[in-house]
Amino acid sequence: MKASIVDCEGLVHIYKAANLEVVALQGLDLEVAPGEMVAIAGRSGSGKTTLMNILAGLERPTAGVVRVAGNDLSRLSGSEQERYRRDVVGYVLQHAMGNLAPYLTAIENVQAATVTGTARGRSRAAASLLERLGLGARLSRRPGELAGHENQRLALATALANHPRLLLADEPTAELDTAAAAQLLGDLTTVLREEEAAAVIVTHDPQLETYVDRVVMIRDGRTSSERRWVEREGALIHDELAIMDRAGRIQLPRAYVDKLGLSGRVRLHLEGDRISILPATGDESA
Ligand code: ADP
Ligand code: MG
């Protein structure tokens, strides 16, 4: 197997504000293969943006290991962190306008985000990237003169300007209608393939699933389950897998827990090639 581009193991992140502690991530594991497109889904407050900020090198985890393209992100010095942010990742913030300079045109925004090459080379590369993202006719518009989906596309172009190996996008389709979101994701997928870049994309949008290799669900700061399309006997099948972390912990789907009335202690039976989980009876369940 090829080395992963992203490898998170037991990530913990705690925000300390005044005398309050918020545990945003509590032992999250995640692996992403080079060139893979992974969607992250989960309720508001489940830790998605925190994970993205850590992968982007903007926040250091409180505990746990996070490696991206061989960089141990909890150990990077200030200047290494800067180099990492410039050369390895591209990040589209949850509020994409935060990626854009309002007084620059679309092409100037992308050029400003590009670090190498001559002025002419950068301008040509920026125009080509914007064209591939469907903004070929909008090169000299400013963000204030662009539609919502166009600004998302522009933010993606700035994040891709330095050919990152990993693109991070936090809810790029949140404010778009279904058709605009589908088009944006279709175009993005094509560009990511051309760039041979991996991507981690946060979304609430179930339709994203058709554009990504897998969807990872986060619950309470931990990866809980995973959905992917698998090919079986010539048909595409939607498969849902639970995630077991390295300590052997699994989060059961809420519906299963409710159905069997599980709480507290449960009984495990190993039967040949499978494990059953049974409600404990009487005194056991206390
Ligand atoms: P999501 O992106 O899934 O909505 P976040 O990662 O933004 O989740 O937040 C996870 C948890 O951490 C939430 O409880 C949120 O209130 C808290 N949180 C996020 N950012 C901060 C911060 N800067 N200071 C304190 N708490 C924060
Ligand atoms: Mg968020």
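Residues: numbered from 1 along the sequence shown.
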The criterion is side chain to side chain contact (heavy atoms under 4.5 Å, CB included); which residues satisfy it with Asp87, sequence neighbours excluded?
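So Asp87 forms a side chain to side chain contact (heavy atoms under 4.5 Å, CB included) with Arg83.
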Please indicate whether [X] has more than 12 foreign heavy atoms, meaning atoms of other residues, nucleotides or ligands, lying under 6.0 Å from its [atom1].
{"X": "Glu194", "atom1": "CD", "result": "yes"}
{"X": "Glu145", "atom1": "CD", "result": "yes"}
{"X": "Arg165", "atom1": "CZ", "result": "no"}

How far apart are the C-alpha atoms of Gln152 and Thr173, what are their side-chain angles, what is the distance that settles it, and do they pass the side-chain hydrogen bond (donor to acceptor under 3.5 Å, both in side chains) test?
CA-CA 8 Å; Gln152 283 294 347; Thr173 61; over 6 Å; no
At their closest point, which heavy atom of [X] faces which heavy atom of [Y], and how far apart are they?
{"X": "Val110", "Y": "Ala126", "value": "CG1-CB, 3.6 Å"}
{"X": "Thr223", "Y": "Asp29", "value": "OG1-O, 2.9 Å"}
{"X": "Arg85", "Y": "Gly57", "value": "NH1-O, 2.7 Å"}
{"X": "Leu154", "Y": "Ala106", "value": "CD1-O, 3.5 Å"}
{"X": "Ser123", "Y": "Gln111", "value": "CB-NE2, 3.4 Å"}
{"X": "Ala198", "Y": "Ile5", "value": "CB-CG2, 3.8 Å"}

Could you give the distance from [atom1] ([X]) to [atom2] ([Y]), rounded to the nearest 0.5 Å?
{"X": "Leu135", "Y": "Leu130", "atom1": "CG", "atom2": "CG", "value": "5.5 Å"}
{"X": "Arg219", "Y": "Leu28", "atom1": "CZ", "atom2": "CG", "value": "14.0 Å"}
{"X": "Leu104", "Y": "Asn109", "atom1": "CG", "atom2": "CG", "value": "5.0 Å"}

List the atom pairs, donor and acceptor, that lie under 3.5 Å between side-chain atoms in residues 6-13 and the rest of the protein, sequence neighbours left out.
| from | atom 1 | to | atom 2 | distance (Å) |
| --- | --- | --- | --- | --- |
| His13 | ND1 | Arg60 | O | 3.3 |

Quick one: does any side-chain atom of [X] pair with a main-chain N or O of [Y] as donor and acceptor, under 3.5 Å?
{"X": "Lys48", "Y": "Gly42", "result": "yes"}
{"X": "Asn151", "Y": "Pro143", "result": "yes"}
{"X": "Glu108", "Y": "Thr105", "result": "yes"}
{"X": "Asn162", "Y": "Ala113", "result": "yes"}
{"X": "Glu196", "Y": "Arg193", "result": "no"}
{"X": "Gln81", "Y": "Leu58", "result": "no"}
{"X": "Thr62", "Y": "Ile14", "result": "yes"}
{"X": "Asn71", "Y": "Arg67", "result": "no"}
{"X": "Asn53", "Y": "Glu59", "result": "no"}

Donor + acceptor pair across side chains of [X], [Y] (<3.5 Å):
{"X": "Ser79", "Y": "Glu82", "result": "no"}
{"X": "Asn99", "Y": "Tyr91", "result": "no"}
{"X": "Tyr15", "Y": "Thr50", "result": "yes"}
{"X": "Thr49", "Y": "Asp170", "result": "yes"}
{"X": "Thr203", "Y": "Glu171", "result": "no"}
{"X": "Asp187", "Y": "Thr189", "result": "no"}

In sequence, state the C-alpha distance, the side-chain angles, and the governing distance for Ser128 and Glu131, and then conclude on side-chain hydrogen bond (donor to acceptor under 3.5 Å, both in side chains).
CA-CA 5 Å; Ser128 143; Glu131 244 156 62; over 6 Å; no
Any Lys/Arg nitrogen of Arg214 or Glu36 sitting under 4.0 Å from an Asp/Glu carboxylate oxygen of the other?
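Here Arg214 pairs with Glu36 in a salt bridge, since their nearest N and O are under 4.0 Å apart.
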Do the charged groups of Glu195 and Arg132 touch, with an N to O distance under 4.0 Å?
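Looking at Glu195 and Arg132, the cut-off is met.
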Could you please spell out the steps behind the side-chain contact (heavy atoms from CB on, under 4.5 Å) verdict for Tyr256 and Ile277?
CA-CA 10 Å; Tyr256 292 10; Ile277 300 177; over 6 Å; no
Considering only heavy atoms from C-beta outward, does the side chain of [X] approach that of [Y] to under 4.5 Å?
{"X": "Arg142", "Y": "Pro102", "result": "no"}
{"X": "Glu150", "Y": "Arg138", "result": "yes"}
{"X": "Leu262", "Y": "Leu252", "result": "yes"}
{"X": "Arg222", "Y": "Leu25", "result": "no"}

For the hydrophobic clusters of this structure (ILVMFWY residues joined by side-chain heavy atoms under 4.5 Å, transitively), does one cluster hold both [X] and [Y]?
{"X": "Val202", "Y": "Leu185", "value": "no"}
{"X": "Leu166", "Y": "Leu192", "value": "no"}
{"X": "Leu156", "Y": "Leu129", "value": "yes"}
{"X": "Val191", "Y": "Leu176", "value": "yes"}
{"X": "Ile54", "Y": "Met52", "value": "yes"}

Matching residue for Leu30 among Ile218, Val66, Val216 - test: side-chain contact (heavy atoms from CB on, under 4.5 Å)
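In the set Ile218, Val66, Val216, the residue that makes a side-chain contact (heavy atoms from CB on, under 4.5 Å) with Leu30 is Val216.
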